[in-house]
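Note sheet for the following structure.
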Number of protein chains: 2
Amino acid sequence: MLQFTLKAAGERALPPHLLSDKTGRRHGANALHLPPRSTVFLQGYGRAPQSRVLDGCVALSQSLPDGRRQIIDMVGPGRLLGIGVGEHNRCSADTLSYVTLEPVGEVDHRDLEQALEEMVLRAQAHATLLGRKTAPERVASAILDLAGQFVRPSRSKRETVCFNLHPTRGELADWLGLTVETVSRCFTRLKRAGLIEFRHPEIVTLLQPQALADIAAGNRAIDNINPV
Amino acid sequence: MLQFTLKAAGERALPPHLLSDKTGRRHGANALHLPPRSTVFLQGYGRAPQSRVLDGCVALSQSLPDGRRQIIDMVGPGRLLGIGVGEHNRCSADTLSYVTLEPVGEVDHRDLEQALEEMVLRAQAHATLLGRKTAPERVASAILDLAGQFVRPSRSKRETVCFNLHPTRGELADWLGLTVETVSRCFTRLKRAGLIEFRHPEIVTLLQPQALADIAAGNRAIDNINPV
DNA sequence: CGATACGTTGATTGACTTCAACTAAGGTGG
DNA sequence: CCACCTTAGTTGAAGTCAATCAACGTATCG
């Protein structure tokens with residue numbers, strides 16, 4: 001029974017040497033800045049160097065020979081990139097926003113194992129989503145996941161949370177094993193049900209996070225909501 | 001472009017201290033023997049102890065609150081159990097055959113990281129399967145995967161490979177995000193197409209492994225096969 | 001301005017699910 | 001040894017959720 005809790009991106013467990021962000025631009029020296037929709041590394045090429053995402057959103061994806069694409073994971077601030085991709089990358093990594101990367105020469109065992117374990121856990125949860133959840137459940141899950149990774153720890157006066165949804169509808173579709181149209185329709189339904197709000201497609205506000213979590217977990221149908 | 005290669009279970013990279021199997025029953029002392037359909041550990045309970053599968057097949061699964069079940073991975077000989085399952089297990093582990101386990105007190109970093117990486121790679125490939133493959137492609141992929149993990153390195157006179165398919169149709173369905181009926185229908189179609197053969201539902205022979213691999217990768221439709 | 005990409009909405013189709021009936025194999029107890 | 005039950009597997013018919021096909025609106029950008 002997934003209990004709903006949102007962790008702001010700033011609260012995520014950053015290793016100590018990254019926390020200097022507030023005081024100064026300590027890692028500005030060797031940090032990598034990438035524009036949206038650029039490739040970090042490519043499926044099939046030599047093993048990628050490891051780096052840590054400081055800011056922005058990166059999509060890990062695999063493609064079948066005929067072009068069908070599956071986004072495996074959405075990687076946000078604090079997480080490692082270039083781990084668990086095999087000898088020759090079995091994944092491509094693409095930025096979905098402006099992204100700041102910090103190359104990490106070598107990670108200590110503790111950090112690496114923790115990061116790998118997080119990859120496994122997320123991949124497992126995603127497999128359950130892809131194998132067993134309905135389209136609205138998938139979209140609700142996605143929104144909550146991305147909110148968790150990308151909310152700014154800003155003014156949290158009300159229980160409404162607003163955040164920037166980096167992936168397009170098409171990218172969400174590739175992540176959730178759906179099509180653009182289905183994703184769009186689910187957003188519309190969630191909006192009409194009063195669970196989320198958006199004026200622009202990428203600025204999303206969670207109006208009823210708990211109800212959203214219920215849907216994501218399969219405990220409630222999208223239609224059984226009393227609009228507030 | 002997945003090239004088809006089958007690795008017999010015996011050839012898989014076992015750590016040196018397990019290879020004594022041929023010479024004697026060195027690990028017979030503390031080995032754990034479990035009957036089919038028994039639980040190794042349960043979703044939601046305390047962190048499971050780690051062990052290595054010496055023989056048999058274990059299913060890692062997650063369940064949604066309403067009972068929908070997704071099998072995350074099928075674990076065969078040589079692989080570690082109880083890694084990447086989170087603080088409180090987010091997975092259950094169930095035996096699908098007679099299983100021999102060897103408890104491992106602590107694994108060295110090298111082994112653990114390699115095992116975790118394998119978990120990640122397999123989970124990623126499975127996500128692509130669940131998100132983007134058709135039912136026949138999924139079943140073909142599953143058969144090849146299980147063949148790779150469970151073929152006995154026996155008489156390989158011809159290119160036909162015979163192996164014991166431990167999971168039932170229902171368990172395969174839970175693994176592949178399908179229903180029993182769909183899995184059964186796909187088996188029938190593959191059989192009629194001359195790609196596999198089975199008299200009993202769990203003794204399967206691969207007649208045309210390469211064609212099966214083509215289907216699994218989405219390079220060929222199930223119907224475009226010349227029956228030999 | 002056209003041109004392109006993204007998003008939304010509607011109509012139709014189709015792949016897989018659901019529901020249902022039936023067969024075969026294994027176990028139990030009279 | 002056979003009636004009885006249960007479970008797994010197969011097959012057919014009907015139903016449904018999401019995909020496909022199609023049209024349109026809007027924003028961005030040379």
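In what follows, chains are A, B, ... by sequence order, proteins preceding strands, each numbered from 1. Hydrogens, waters and symmetry mates play no part in the numbers below; they use all other heavy atoms, side chains included.
Here C:dC6 presents its C1' atom at 17 Å from NE2 of A:H166, a figure rounded to the nearest Å. Following rounding to the nearest Å, A:R189 (CZ) and D:dC17 (C1') show an atom-to-atom distance of 10 Å. What separates CZ of A:F198 from P of C:dC6 is a distance of 17 Å, to the nearest Å. Between the CZ atom of B:R138 and the P atom of C:dA15 there is a distance of 14 Å, given to the nearest Å. For the pair A:L172 CG and C:dA5 P, the computed distance is 19 Å after rounding to whole Å. Between the CG atom of B:L178 and the C1' atom of C:dT18 there is a distance of 14 Å, rounded to whole Å. Here C:dA15 presents its C1' atom at 12 Å from CD of B:E137, a figure rounded to the nearest Å. Atoms NE2 (B:H200) and P (C:dA25) sit 8 Å apart, rounded to a whole Å.
Side-chain N/O atoms of B:E181 and base N/O atoms of C:dC19 include a donor-acceptor pair closer than 3.5 Å. In terms of polar N and O atoms assigned as donor or acceptor, the side chain of B:R185 never comes within less than 3.5 Å of the base of D:dG9 in a complementary pairing.
Residue B:P136 forms a side chain to side chain contact (heavy atoms under 4.5 Å, CB included) with just one option from B:L190, B:T182, B:I222, and that option is B:I222. When the options A:R68, A:Q62, A:Q70 are evaluated for a side-chain hydrogen bond (donor to acceptor under 3.5 Å, both in side chains) with B:T128, the one that passes is A:Q62. A side chain to side chain contact (heavy atoms under 4.5 Å, CB included) with B:V53 holds for exactly one of B:T95, B:T100, B:V75; it is B:V75.
Contact check, A:S184 against C:dT9: no side-chain N or O comes under 4.0 Å of OP1 or OP2. A close approach under 4.0 Å does occur between a side-chain nitrogen or oxygen of B:T182 and OP1 or OP2 of C:dT17. Residue B:R169 has a polar side-chain atom (N or O) positioned under 4.0 Å from OP1 or OP2 of D:dT10. Under 4.0 angstrom from either OP1 or OP2 of D:dT11 there lies at least one side-chain N or O belonging to B:T188.
Two residues, B:V183 and A:E171, neighbour DNA chain C, and the one matched to the more 5' nucleotide by heavy-atom proximity is A:E171.
Nearest heavy-atom pair across A:L96 and A:R37 is O-NH1, 3.0 Å.
Ring geometry for A:F198 versus A:F187: interplanar angle over 60°, hence perpendicular rather than tilted (30 to 60°).
Considering only the side chain of A:P201, C:dG7 comes nearest among D:dG9, C:dG7, D:dA18.
Residue contacts for A:T179: at a heavy-atom cut-off of 4.0 Å it reaches a base atom on one of the strands shown.
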